[in-house]
Amino acid sequence: MAGRAGFAAPQDENAARLQQLARVTSELGAAETIDAVIEAAVKHLADAIGAAVTTLMLRDGDELVLVGGHGLQDGIAERWHSFPIAHDNPASEAAREARPILVRDRDDIAARYPDMVDDTPEGRSVVGLPLGAVGVPVGVAGLTFDEGWLPGPGELDLLMTFAEACGQAIRRVRARAEAEESARQLQFLADASAELAGSLDYRSTLAKVADLVVPGLADWCAVDVLERGELTTLAVAHADPEKVAWAWELQRRYPPDRDAPTGARNVVRTGQSELYESITDEMLAAGARDEEHLRLARELHLRSAIVVPLRVHDRTFGAITLIRAETARRYGPADLAMAEDLGRRAATAIENAQLHSATSDVARELQRAVLPADLDTIADWQVAAYSQPGDESGVGGDFYDAVPLPDGRLAVFIGDVMGHGVQAAAAMASLRASVRAFMSVDPAPAAVLDYLHKMFDLLAIAQLVSLVYVVIDPDTASLDLVNAGHYPPLIVGKDRTVRFANTPPRRPLGMERDVCRSATFPFDATDTLLLFTDGLVERRTENIDEGLDRVRDKAEVLTGADLQEGLRLLVERVQRERGDDDVTALAVRGA
Amino acid sequence: MAGLSVEVTAAGDRSLVRVVGELDLDSAAILRRPVEAELSAEPAHAVTLDLAELTFVDSSGLALLVELRRLASGAGVQLDIVNVRPGPQRVISIAGLAETLGVPPAPPHE
């Protein structure tokens, strides 16, 4: 719409434009997004009243930000992308004073707003209308008319009605967006609680926290946790994996300052959250170590941040940092409340996971503590042991020992508590001690097994335990053994003959006892005895006999001079395809 | 990991429990719950564990089978274990549990 503008047209045309303005105003009432408001305010208003240029600016803190324009000359939008409300120009003044500002022509501009002269073509008049002047204006509509036209009092009233409707529409759309955001956050927290509750592994819980947050609530998320007194970053998330890698690199090159007055370290120290609605360049400069660091930090375009503590009861053990970068929306107090809620839920989940991993650690430590450490120092005998707890449970129920008897014989045994976890490890610990105790009364295999059965009966132990117990006698070049439901030992001759010491199957401990009878096999000073548990032979995809055959076929590696190395090689060769149970094996030979 | 699935159906006057997959520490609970429920159901009825599709059992799985047999005998309910494949059958035999579980012993391995 060019030429002589607006309401100065003839009567009937004027009436038509008033109708159009009324229509645009009602259009605003139906607008559901900020974009729809901008469209109505900029394009349709220009058409309705015949302005040469219309612009819409919204308040963001101390600035006005140009969000839409129609008929703008090249370069104006860039130059006036955002500017301070304190600045001297018609739009800023309209926003400051919450009243319409009218500027008649270029001379008027030159007198009142000298900075603007170059941006105002000859012969144009300018009008700044505050949007939603009842209260603090949310923004300003700028109108420029050809030939110095300005609205009269009645026309200005109509424009102000429009501007008021525009401001209300923006407030309404924003309020609804905030309500939706709150609902979304509540839903997110509900989902997060459910996810975290199901997580028992400490590190995967942390990774889950970070992944839950990005990109819905943050562009960046980092989780820092105190480990052995040091605050350590355990998870970083961003939608772009390359940026994650880059963030780790940045942290490696510039480790965080332990005494920094703000950020995760301070939050862990004080237990108080931090909210940075705007991250300013001064903040970046204050935190940077050197020019390069500052340059890299600037490249991240960080806009807004929240740091909340991970705290259970009064103990703060970490912090979650949320950062908005690419997303335009800044964090506010409502976001802080949501993040604090997330921090509480995550902290509870992490504590649960830590308790769980502590329980596993206890079982593992227990196992390590009760397994013998000094087998390689037994006089006259070479004893090699291999023990690898299963990957999945991390805790095995395997136990073994080798004990020299005063008459030159050697007692060795291996067993498996059938089940895993802390209970199994605890049972295992007491079993090794029990076997050693009974052995000191009478080391004969049948006697030891008999005592064990009596103990299980007396204490009503329902746990099943398999056991092979062997006494090797160098004087008679033989061994005696009992086998209660365990895999048979393997005897490897110096000439590389390999045979299982098979006996009729007997029930494991924890069940009604079998008649205890020991079996005797030849075993001389050059023979090697191999005891093992299921992890060495069991595979899910094959019959157990294939596993037994595999061990038998590869057992000749035990005939080498270094028994410990031979055992390691045997396990490695047999286990080449991964097994997932405990692997425990014990090899014995005369020295 | 193949996992375990359990299907319970009525077969005449007894319950038939089909056990499919791998029975180990992780999957034991999947079998334990439905069988415990069957063993304590009213009116009491015999239960058959059909292991025709059980491809693997570890020591935790053996311990569970023993426990279920004990529960059954404590409740005075018959629990039969049938159609054991050669693999699990060997593991049961080596563990000395063939008689306890009512499974025919596997021929010894040479």
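Note that the structure is predicted; figures quoted are calculated from it, not measured. Letters A, B, ... are given to chains in the order of the sequence lines, protein chains preceding strands, and every chain is numbered from 1.
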Less than 4.5 Å to any heavy atom of chain B: does that hold for the side chain of A:Arg506, its backbone, both, or neither?
backbone
Between B:Ile94 and A:Pro488, the two heavy atoms sitting closest are CG2-CD, 4.5 Å
If every non-hydrogen atom of A:Asp416 is compared with every non-hydrogen atom of B:Ser59, which pair is closest and at what distance?
OD2-OG, 3.3 Å
In short, B:Gly96 meets A:Pro508 closest at the heavy-atom pair O-CD, 4.4 Å
Under 4.5 Å heavy-atom distance to chain A, tell me which part of B:Glu67 shows up: side chain, backbone, both or neither.
neither
Any side-chain heavy atom of A:Met511 sitting closer than 4.5 Å to one from B:Leu97?
yes
Could you look at B:Arg70 and say if it's the side chain, the backbone, both or neither that has a heavy atom under 4.5 Å from chain A?
side chain
Measure the CG-CZ distance between A:Asn543 and B:Phe56 for me, rounded to the nearest 0.5 Å.
11.5 Å
Rounding to 0.5 Å, atoms CD (A:Glu538) and CG (B:Asp58) come to a distance of 6.0 Å
Please evaluate residues A:Glu512 and B:Glu99 with respect to the criterion side-chain contact (heavy atoms from CB on, under 4.5 Å), reporting the C-alpha separation (whole Å), side-chain torsions for both, the decisive distance (0.1 Å), and the verdict.
CA-CA 11 Å; A:Glu512 192 190 336; B:Glu99 190 191 340; over 6 Å; no
Which atoms of B:Val91 approach chain A - backbone, side chain, both or neither, heavy atom under 4.5 Å:
both
Find the distance between CZ (A:Arg540) and OG1 (B:Thr55) and round it off to the nearest 0.5 Å.
8.5 Å
Of the listed residues (A:Arg507, A:Arg499, A:His486), which shares the most heavy-atom pairs with chain B below a 4.5 Å separation?
A:Arg507
